[in-house]
Amino acid sequence: MKLAAWNVNSLKVRLPQLLDFLATRQPDAVCLQETKLTDDNFPVAELEAAGYRVAFAGQKTYNGVALVSRSELTDVSVGIPGYEDEQKRVIVATVDGVRLVCVYCPNGQSLDSDKYPYKLAWFDALAAWLKDELARHPKLAVLGDYNVAPEDRDVHDPEAWKDSVLVSAPERDRFRNLLALGLQDSFRLFEQPEKTFSWWDYRMMGFRRNHGLRIDHILLSAPLAAACTAASIDRDMRKLERPSDHAPVVAEISLPA
DNA sequence: ATGGCGCCACATTGGCGA
């Protein structure tokens, strides 16, 4: 089972690239973030024509998440249960016996922004819910844009980024809280090239200079981590014309049929 | 010292992302 997560930064703009990604990489399921589409504008027909089923939760202008899967999506739900939030950041479904949680975690903007405490509280609500969800679904994956670079090796210039949003200690604590639930960072299950990132600033030739961060992750519960055979970041997608600022992250899992 | 790109919307500038 090949899983991917990709912050598309507008599905309207990136739909041709997504269709090409599905055709060439042949993932079984993809979790999308920042679709920036209301549900009435979601490209259902195009994705179904490509052989995929879809589940989505969008809003105007900002946020928006979706699941794209070859197999049927069952038990779909939107949002963190019991956590009131207008922002469409979570959608979850079961695919071939695997629970897929698609997340677009808040950015936080800056440490002195109102959005920063919202981010921390949001992560606390996510962790509390995932604890229950893991108990119900041992085979569980949490995929998406976490807006946290977990360690200094996930940052192109740790000194320059020190104590800023996306790397601050409270944010990294929240990420570690997710790991403490029994989830594992699939990327780190394998040896990886140094300075591998998943996001690069559009400005200042960020990609060419590899001025990036690794903030998109696929976390796996123990049974899935044990079955994980590969994990990578598809940085070729960042080389395309009109790219998203994020590259897809990928994990392959070998489950018994 | 600042902003630098890209996307969106009751648009021709500002909010937001990261």
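Atoms considered below: every heavy atom in the structure, side chains included; atoms not considered: hydrogens, waters and symmetry mates.
Put simply, A:Asn9 has no side-chain N or O that comes within less than 4.0 Å of OP1 or OP2 on B:dC5. The shortest distance between the side-chain N/O atoms of A:Asn147 and the OP1/OP2 oxygens of B:dA18 is below 4.0 Å. For A:Arg203 and B:dA18, the shortest distance from a side-chain N or O to OP1 or OP2 is not below 4.0 Å. In terms of phosphate contacts, A:Tyr104 brings a side-chain nitrogen or oxygen within less than 4.0 Å of OP1 or OP2 of B:dA18.
Checked by distance alone, A:Asp201 brings no side-chain donor or acceptor within 3.5 Å of a matching partner on the base of B:dA18.
In this structure, the nucleotide among B:dC5, B:dC10, B:dC16 sitting nearest to the side chain of A:Lys60 is B:dC10. Relative to the side chain of A:Ser10, the nucleotides B:dA9, B:dC8, B:dA18 differ in distance, and B:dC8 lies closest. Of the candidate nucleotides B:dC16, B:dG6, B:dA18, B:dC16 has the atom nearest to the side chain of A:Tyr62. In the set B:dC10, B:dA18, B:dC8, the nucleotide with an atom closest to the side chain of A:Lys12 is B:dC8. Listed candidates were B:dA18, B:dC7, B:dC16. Nearest to the side chain of A:Lys115 is B:dC16.
If you find the closest nucleotide of DNA chain B to A:Thr61 and to A:His246, the one lying nearer the 5' end belongs to A:Thr61. In terms of position along DNA chain B, the nucleotide closest to A:Met204 lies nearer the 5' end than the nucleotide closest to the other residue of the pair A:Leu11 and A:Met204.
Note: CG (A:Leu111) to P (B:dG17) measures 14 Å, nearest angstrom. Distance A:Leu37 CG to B:dC7 P: 13 Å, rounded to the nearest Å. B:dC8 atom C1' lies 12 Å from atom CG of A:Asn63, rounded to whole Å. Rounded to an integer number of Å, the gap from CH2 of A:Trp6 to P of B:dG17 is 20 Å. We find that OH of A:Tyr146 is positioned 15 Å from P of B:dA18, with the value rounded to whole Å. We find that CZ of A:Arg14 is positioned 16 Å from P of B:dC5, with the value rounded to whole Å. Rounded to whole Å, the distance from NZ on A:Lys36 to C1' on B:dG17 is 7 Å. Between the CZ atom of A:Arg242 and the C1' atom of B:dC8 there is a distance of 12 Å, rounded to whole Å.
Figure legend. B:dC16 is base-paired to B:dG6; pairs are counted as Watson-Crick or G-U wobble with both atom distances under 3.5 Å.
A distance of 5.5 Å separates CG in A:Asn107 from CG in A:Leu166, rounded to the nearest 0.5 Å.
Spacing of P atoms, B:dC10 relative to B:dG6, comes out at 23 Å, to the nearest Å. Nucleotides B:dT12 and B:dT2 place their C1' atoms 23 Å apart, quoted to the nearest Å. Taking the C1' atom of each, B:dG15 and B:dA1 are spaced 23 Å apart, rounded to whole Å. Between the C1' atoms of B:dA9 and B:dG4, the separation comes to 23 Å (whole Å).
In this structure, A:Asp157 does not pair ionically with A:Lys162, as no charged nitrogen and carboxylate oxygen lie closer than 4.0 Å. Between A:Lys239 and A:Asp234, none of the side-chain N atoms (NZ, or NE/NH1/NH2) sits under 4.0 Å from a carboxylate O, so this pair counts as no salt bridge.
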> Given the rule in the side chain to side chain contact (heavy atoms under 4.5 Å, CB included) test, do A:Val65 and A:Leu32 qualify, once you have shown the distances and angles that lead to the verdict?
Replying inline: CA-CA 5 Å; A:Val65 285; A:Leu32 303 176; over 6 Å; no
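A cation-pi arrangement is present between A:Arg89 and A:Tyr104 under the rule of less than 6.0 angstrom and at most 45 degrees off the ring axis.
Using the six-membered ring where Trp is involved, A:Phe42 and A:Phe56 have ring planes that are parallel, under 30° apart on the 30 and 60° scheme.
At least one donor-acceptor pair closer than 3.5 Å links the side chain of A:Asn210 to the backbone N or O of A:Lys195.
If you check every strand for non-hydrogen atoms under 4.0 Å, A:Asp145 touches sugar and phosphate atoms only. Backbone-only contact: A:Val13 has heavy atoms under 4.0 Å from sugar-phosphate atoms and none from a base.
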